[in-house]
Protein chains: 4
Amino acid sequence: MSWSDGERYALERAGCAAGDNVRVPSTQRSSQSPSPARRREILETAARVFAEQGYNATTVRKIADEAGLLAGSLYYHFDSKESMLEEILSGFLDELWAGYDEVLAAQLDPKDTLAALVTESFREIDRHRDAVAIYQKEARQLAVQPRFAFLAESQRRFEQVWLETLERGVSAHAFRADLDLRLAYRFLRDTVWVAASWYRPGGGHSPEQIARQYLSMVLDGIAVPG
Amino acid sequence: MSWSDGERYALERAGCAAGDNVRVPSTQRSSQSPSPARRREILETAARVFAEQGYNATTVRKIADEAGLLAGSLYYHFDSKESMLEEILSGFLDELWAGYDEVLAAQLDPKDTLAALVTESFREIDRHRDAVAIYQKEARQLAVQPRFAFLAESQRRFEQVWLETLERGVSAHAFRADLDLRLAYRFLRDTVWVAASWYRPGGGHSPEQIARQYLSMVLDGIAVPG
Amino acid sequence: MSWSDGERYALERAGCAAGDNVRVPSTQRSSQSPSPARRREILETAARVFAEQGYNATTVRKIADEAGLLAGSLYYHFDSKESMLEEILSGFLDELWAGYDEVLAAQLDPKDTLAALVTESFREIDRHRDAVAIYQKEARQLAVQPRFAFLAESQRRFEQVWLETLERGVSAHAFRADLDLRLAYRFLRDTVWVAASWYRPGGGHSPEQIARQYLSMVLDGIAVPG
Amino acid sequence: MSWSDGERYALERAGCAAGDNVRVPSTQRSSQSPSPARRREILETAARVFAEQGYNATTVRKIADEAGLLAGSLYYHFDSKESMLEEILSGFLDELWAGYDEVLAAQLDPKDTLAALVTESFREIDRHRDAVAIYQKEARQLAVQPRFAFLAESQRRFEQVWLETLERGVSAHAFRADLDLRLAYRFLRDTVWVAASWYRPGGGHSPEQIARQYLSMVLDGIAVPG
DNA sequence: CATGAATGAGCCTTCATTCAT
DNA sequence: CATGAATGAAGGCTCATTCAT
């Protein structure tokens, strides 16, 4: 398998200019504007603990301990445990969609689009490992709550983007015609995102390297053999 | 892609004679001796709710409600919420290993072994959908507890079996030689098990059909072309 | 001043057959039906403590202590601290309106109606002293909450009943024509209900005796006529 | 009913020279020396919010918000939330007693004294509406605390003054001899002060007008004399 | 077998208060 | 004078678990 220009484009893309976001974050600094540094620090701590122990199993005390303050003090920065979760997830999704939108705007051919999306996904896993892990574990249950409706919306758009790409690929004879596309979509989606459960940033493989390997396995499976 | 004898063997296997279990369940009828029927009924209810809402988010009262008794009454049948979880997971793993062991005992060639393992996995997903979903979500955190050491042990053996199969396949020139085998292992493992998160028993596709599709995607990716 | 038949009717009325209630209590035993005895016991304790210390200043621990159980155990009987408050207040208002409705149904002349209403009020103070005290102190702030809308509704009907009685009395030349009726209404209303703040059941005066004295002052004044 | 000289005296009295205070306020400028203007502004805000929401239900942050500073900044001006309350209540009582003392010093006859006291009370309601409302709601619970002993002391003196006036009136055949004086005292006291719960300064009626109406009802009753 | 009632530990959250800047 | 950030003590509530009946 050799890399097309499109794939190269995707794999080399470095900057992440914000495209049109999927949603406007409802938590734009809950009315106050406390020091963003401390705030982000706490949020990253929360994300890590949520990812490690699960959202429900995580106590705010634990977060506070790890962040070096008392449980009550968290509430100076955040409205609630849930609002931390919301901010973590929406922050991740916003960036993800910024990346995806840029890929889509490039109007690559189906195979290159798929490669670029996969690569972008691994980049997001690299950048938001904790958020992705949380997302994997909690999204299904959260999505039914009005507050987390943006998760459901994101899932919907996600499916649409990937399915369209697959369909375009089938039409263009880039992907096998005998695929059950919904199954293939799930296969791809899970295959990529579950990686967050074992991926460790800075662990020998760059996101791009992993993406390349995954693509090699995945693509040569669903591509029309040549 | 055509099906080898080994694959056919795997796909047709119906019975599930218990092979040598990985572990002896410590919870064989927690000291009382209630009607096994009611007991299983409750356990299945618990599994369903655990799978739907997550173990932590599930209250013992919710289980009781769905099973048609009061929360306190559960403790006649089970020692604790945790012991229900343990029984659910160990029951699933015991059956899984019974299936795997039978496959391994057949000493098929690498490609057929892999096919048979994948097929067996989808059969277990079909039979223990809730348990698999719970396993996916909770195993990592549970495995560190002594009580759930059998999870870690199972994971270890799981990795060993799959890696060996892959290695044998590379040696036999059945699988591509340029694979990062650990990556390929994770890829396979996740790809198969995550299916539990969307699979619905009796939903148009039999486990064997899904297995075949997955194998088609996966195998033609990792198989040596040509 | 001598007592008319109507007043005598009011003062002698003993039984309290439930007329048409103002509202259906939304808290009809929150889905369970735990022993009504213990439930009422706790509720009376809560009412007493609320009346003594104020609703906000009362901790559920305090209620539990006084009722002889642990704080958490209250939640077996009640959904929340607020639901106890609701039940206390609605129970009182339901009985009050049962009494008022019976008085109104008797279609007495204005002066007798007023006397009967005042007497009935003192009877309710006697029976629901704590509830009345709570009502006095908290109603204004509670009434704006949807959950306690029945308070506002009751106040509205209350004002209507009393104002009508006063107006009929003025028309019938039973009450002075030079009164500011809204002022007189408030005067009467407060005068009667504030008594709950100092009234002690079984303290020498029966509700009927106190009602008689109050009526004497309200109707005829404290000054020596002439 | 016509107005005696004494009543006229009472109704026309405008100035409010401070007589001998009941107590020396312990909070005279809590150790700092901030601008008295800002201080009073904050105190009035606090009084308003206390009156609206109740002392316990009022957060120090709410006061700060309404006063246009941060919660912590209040502590530059005041020692504590409680000290604000104390200052509000003592300020009101000091002025009230200044007025009462002046009335008493005039040595009017019982009926005129009573009229003057009532009128003075309505004037205080007009001037210190919030403080009176707070007093009504919180005094009972506060009075037991050493810090608020001045409330109990004031109540004691209050009762003494009114009871004496009533007794003098009965002796002088100005008031009915068949009254239960303690009951009459409570009747009068409540009747007057509860008005604070609905009185709105600048709402059509001057304090003197309301006082006149109340006196008319209290002294002569609402019934047409027979 | 099941219920009703209670326990007690722990959770999220609130809030008066402090204090360095 | 005021702010930003934190403290620490409660407070309301949940929930797994127990146990007499």
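Below, chain A is the first sequence line, B the second, and so on; all start at residue 1.
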K.L.:
Given the P atoms of E:dC1 and F:dT21, what is the spacing between them in whole Å?
P.N.:
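E:dC1 and F:dT21 have their P atoms separated by 22 Å.
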K.L.:
Could you give the NZ-to-C1' distance, from D:Lys62 to E:dT14, as a whole number of Å?
P.N.:
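Between C1' of E:dT14 and NZ of D:Lys62: 16 Å.
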K.L.:
If you measure from the Lys or Arg side-chain nitrogens to the Asp or Glu carboxylate oxygens, is any gap between A:Lys62 and A:Glu66 under 4.0 Å?
P.N.:
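Result for this pair is yes, salt bridge flagged.
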K.L.:
More 5' along DNA chain F: B:Val60 or A:Leu69, using each one's nearest nucleotide?
P.N.:
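Residue closer to the 5' terminus by nearest nucleotide: A:Leu69.
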K.L.:
Determine which bases of DNA chain F form Watson-Crick or G-U wobble pairs with both distances under 3.5 Å, and write the result as a 5' to 3' dot-bracket string with | for other-strand partners.
P.N.:
.||||||||||||||||||||
K.L.:
For C:Arg39 and C:Glu87, what are the C-alpha separation, side-chain angles and deciding distance, and is it a salt bridge (charged side-chain N to carboxylate O under 4.0 Å, His left out)?
P.N.:
CA-CA 11 Å; C:Arg39 190 186 167 78; C:Glu87 204 165 327; 2.7 Å; yes
K.L.:
Taking it one step at a time, do D:Lys81 and D:Phe50 satisfy side chain to side chain contact (heavy atoms under 4.5 Å, CB included)?
P.N.:
CA-CA 10 Å; D:Lys81 184 184 170 191; D:Phe50 286 158; 4.1 Å; yes
K.L.:
Rounded to the nearest angstrom, tell me the gap between atom OH in A:Tyr76 and atom P in E:dT14.
P.N.:
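One finds 16 Å between P of E:dT14 and OH of A:Tyr76, rounded.
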K.L.:
Consider the side chain of C:Lys81, meaning its heavy atoms from C-beta on, and name the nucleotide among E:dT13, F:dA5, F:dC13 that approaches it most closely.
P.N.:
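Of all the options, the side chain of C:Lys81 is nearest to F:dC13.
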K.L.:
Among residues 47-59 of chain A, which residues get a heavy atom nearer than 4.0 Å to DNA chain E?
P.N.:
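Under 4.0 Å from DNA chain E: A:Thr58, A:Thr59.
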K.L.:
Start at the 5' end of DNA chain E and walk down; is the nucleotide closest to A:Arg61 or to B:Ile42 reached first?
P.N.:
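This one resolves to B:Ile42.
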K.L.:
Rounded to the nearest 0.5 Å, what separation is found between the CD1 atom of B:Ile63 and the CZ atom of B:Arg48?
P.N.:
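B:Ile63 atom CD1 to B:Arg48 atom CZ measures 10.0 Å (nearest 0.5 Å).
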K.L.:
Please report the closest heavy-atom contact between C:Ala67 and C:Ile42, naming both atoms and the distance.
P.N.:
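Nearest heavy atoms, C:Ala67 then C:Ile42: CB-CG1, 4.3 Å.
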K.L.:
Tell me: CG of B:Leu74 to P of F:dC19, nearest whole Å?
P.N.:
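Nearest whole value for this atom pair: 17 Å.
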K.L.:
Side-chain N or O of B:Tyr75 less than 4.0 angstrom from OP1 or OP2 on F:dT17?
P.N.:
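Result: yes.
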K.L.:
Could you give the distance from CE (D:Met84) to OG1 (D:Thr58), rounded to the nearest 0.5 Å?
P.N.:
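Those atoms lie 10.5 Å apart.
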K.L.:
Of the nucleotides F:dC1, E:dG4, E:dT13, which one has an atom closest to the side chain of B:Leu70?
P.N.:
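Nearest to the side chain of B:Leu70 among the choices is E:dG4.
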K.L.:
Would you mind telling me which residue lines up with the more 5' stretch of DNA chain F, A:Ser73 or B:Gly72, judged by nearest nucleotide?
P.N.:
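Mapping each residue to its closest nucleotide by heavy atoms, the 5'-most match is A:Ser73.
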K.L.:
For a quick test of reading the model: is some side-chain N or O of C:His77 closer than 4.0 Å to OP1 or OP2 of E:dG4?
P.N.:
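Checking C:His77 against E:dG4: no side-chain N or O falls below 4.0 Å of OP1 or OP2.
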K.L.:
Can you tell me how far CG of C:Leu89 sits from CG of C:Asp130, rounded to the nearest 0.5 angstrom?
P.N.:
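CG of C:Leu89 is found 11.0 Å from CG of C:Asp130.
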K.L.:
For DNA chain E, whose closest nucleotide is more 5', that of B:Arg38 or that of C:Gly68?
P.N.:
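Mapping each residue to its closest nucleotide by heavy atoms, the 5'-most match is B:Arg38.
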K.L.:
List the atom of A:Ala51, the atom of A:Ala133, and the distance in Å for their closest heavy-atom pair.
P.N.:
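Heavy-atom minimum between the residues: CB-CB, 4.1 Å.
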K.L.:
Shortest non-hydrogen contact from D:Ala131 to D:Phe92?
P.N.:
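What the structure gives for the nearest pair is CB-CB, 3.6 Å.
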K.L.:
In whole angstroms, how far is the P atom of F:dC15 from the CG atom of C:Asp79?
P.N.:
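To the nearest whole Å, that distance equals 13 Å.
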K.L.:
Rounded to the Å, how far apart are B:Phe78 CZ and E:dA2 P?
P.N.:
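After rounding, the gap between these two atoms is 12 Å.
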